[in-house]
Q: 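Take this structure first; my questions come after.
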Amino acid sequence: MRIYELLHFKHEDFHRTESGAYLIGGCKTEAGRNRIIPILDFGIPIFEHAYATFVENDPLFPNGNGGFWNEKNWRNRKFYPFLEEIGIQPNPYDENGKRKPEFAGKLATYTPYTTRHTYASLCDRAGVNKDILKRAVGHTPKSKTLDKVYLHPKANQMIEAFDSANQLVKDEVLTLPEE
């Protein structure tokens with residue numbers, strides 16, 4: 001999903017089933033709004049924790065004041081420190097969210113939007129149906145009439161379509177190489 005979408009989901013947008021979890025929501029285009037967004041298995045505990053911690057009608061991931069995060073603040077205060085903590089890239093910002101001098105004029109290698117591309121690429125490599133993948137990321141499938149009028153996949157169908165992507169994440173992303 002787009003970072004703006006993640007930061008603006010509310011408590012009631014998260015749904016858990018026996019087969020997985022998903023969000024309903026989104027923004028930007030007609031195809032992007034009110035869509036089912038399957039959550040890959042490794043991310044489910046994060047969403048379950050947020051759901052259990054906060055209350056209905058509140059942001060699923062609230063800022064320190066209980067409101068919605070500003071994208072820049074979240075990126076600088078949460079995302080980049082997390083990437084540094086897990087050893088992916090140095091944090092280009094200090095504890096006050098200001099750019100460190102040694103990173104002046106340099107772009108971060110990984111951004112929140114990079115995760116959207118990674119998700120789509122892993123799902124594509126895992127063989128997720130392209131029309132289902134387009135739905136999940138908020139793009140219009142090739143046949144608007146068929147999509148809008150006749151086809152209405154259920155959340156569990158979309159979750160099941162992403163099972164092979166879950167396996168790729170387990171095999172290639174979450175498994176450390178043997179030394």
Side-chain angles (χ1 to χ4, degrees), residues 1-11 13-14 21-23 25-33 35 37-51 53-54 58-128 130 133-140 162 164-179:
M1 65 195 77
R2 294 168 182 92
I3 191 59
Y4 178 86
E5 293 171 325
L6 174 65
L7 299 177
H8 286 83
F9 277 110
K10 291 186 176 181
H11 187 267
D13 297 327
F14 175 73
Y22 60 96
L23 295 162
C27 64
K28 191 173 178 183
T29 65
E30 186 178 334
R33 289 187 284 277
R35 70 188 193 271
I37 305 169
I39 301 168
L40 295 180
D41 288 350
F42 77 94
I44 292 174
I46 296 164
F47 285 89
E48 285 180 330
H49 174 75
Y51 185 83
T53 307
F54 300 104
D58 280 354
L60 190 57
F61 298 105
N63 63 22
N65 298 322
F68 292 105
W69 277 96
N70 164 289
E71 292 173 60
K72 182 180 177 185
N73 285 340
W74 180 83
R75 186 176 53 244
N76 296 352
R77 295 172 191 259
K78 295 290 183 181
F79 185 77
Y80 291 132
F82 175 71
L83 291 184
E84 182 173 62
E85 183 180 318
I86 61 174
I88 290 180
Q89 74 181 17
N91 183 0
Y93 295 90
D94 66 21
E95 61 280 348
N96 297 315
K98 302 290 182 198
R99 192 92 166 158
K100 293 177 184 173
E102 63 268 28
F103 290 97
K106 296 180 185 175
L107 297 175
T109 304
Y110 299 104
T111 66
Y113 203 80
T114 307
T115 62
R116 181 173 161 82
H117 286 260
T118 301
Y119 175 85
S121 296
L122 282 169
C123 291
D124 182 59
R125 284 186 40 228
V128 171
K130 291 206 187 307
L133 180 55
K134 286 178 188 178
R135 271 181 200 267
V137 297
H139 288 258
T140 305
F162 288 80
S164 51
N166 279 319
Q167 192 59 50
L168 263 179
V169 169
K170 289 175 189 166
D171 294 346
E172 296 183 15
V173 179
L174 300 178
T175 305
L176 295 175
E178 293 184 25
E179 294 185 28

Q: Counting only heavy atoms from other residues, nucleotides and ligands, does the tally under 6.0 Å from CZ of Phe82 exceed 12?
A: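 Not buried by this count: 12 neighbours or fewer within 6.0 Å.
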Q: Which pair of non-hydrogen atoms, one from Asn76 and one from Pro81, has the smallest distance, and what is that distance?
A: O-CD, 3.4 Å
Q: Please answer whether the main-chain N or O of Tyr51 pairs with a side-chain N or O of His11 as donor and acceptor at a distance below 3.5 Å.
A: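 Present.
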Q: Measuring centre to centre across the rings, with the benzene-like ring taken for any Trp, is Phe68 within less than 6.0 Å of Phe9?
A: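 They do not qualify: ring centres at least 6.0 Å apart.
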Q: Which atom names give the shortest non-hydrogen contact between Glu84 and Asn91, and what distance separates them?
A: OE2-N, 3.1 Å
Q: Please report the interatomic distance CD(Glu71) to NE2(His8), rounded to the nearest 0.5 Å.
A: 7.5 Å
Q: Above 12 or not: heavy atoms from other molecules or residues under 6.0 Å from OH of Tyr110?
A: no
Q: Mark yes when over 12 heavy atoms from residues, nucleotides or ligands other than Lys130 sit less than 6.0 Å from its NZ; otherwise mark no.
A: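 Atom NZ in Lys130 is not crowded, with 12 or fewer foreign heavy atoms closer than 6.0 Å.
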Q: Side-chain contact, heavy-atom cut-off 4.5 Å: Thr114 with His117?
A: no
Q: Short question: side chain of Asn65, backbone of Gly67 - any donor-acceptor pair under 3.5 Å?
A: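 Checking the backbone N and O of Gly67 against the side chain of Asn65, no donor-acceptor pair under 3.5 Å is found.
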Q: What class does the angle between the rings of Phe47 and Phe61 fall in, given that below 30° is parallel, 30 to 60° is tilted and above 60° is perpendicular?
A: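 Phe47 and Phe61: perpendicular rings.
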Q: For Ile37 and Gly25, work out which heavy atoms get closest and say how close.
A: CD1-O, 4.3 Å
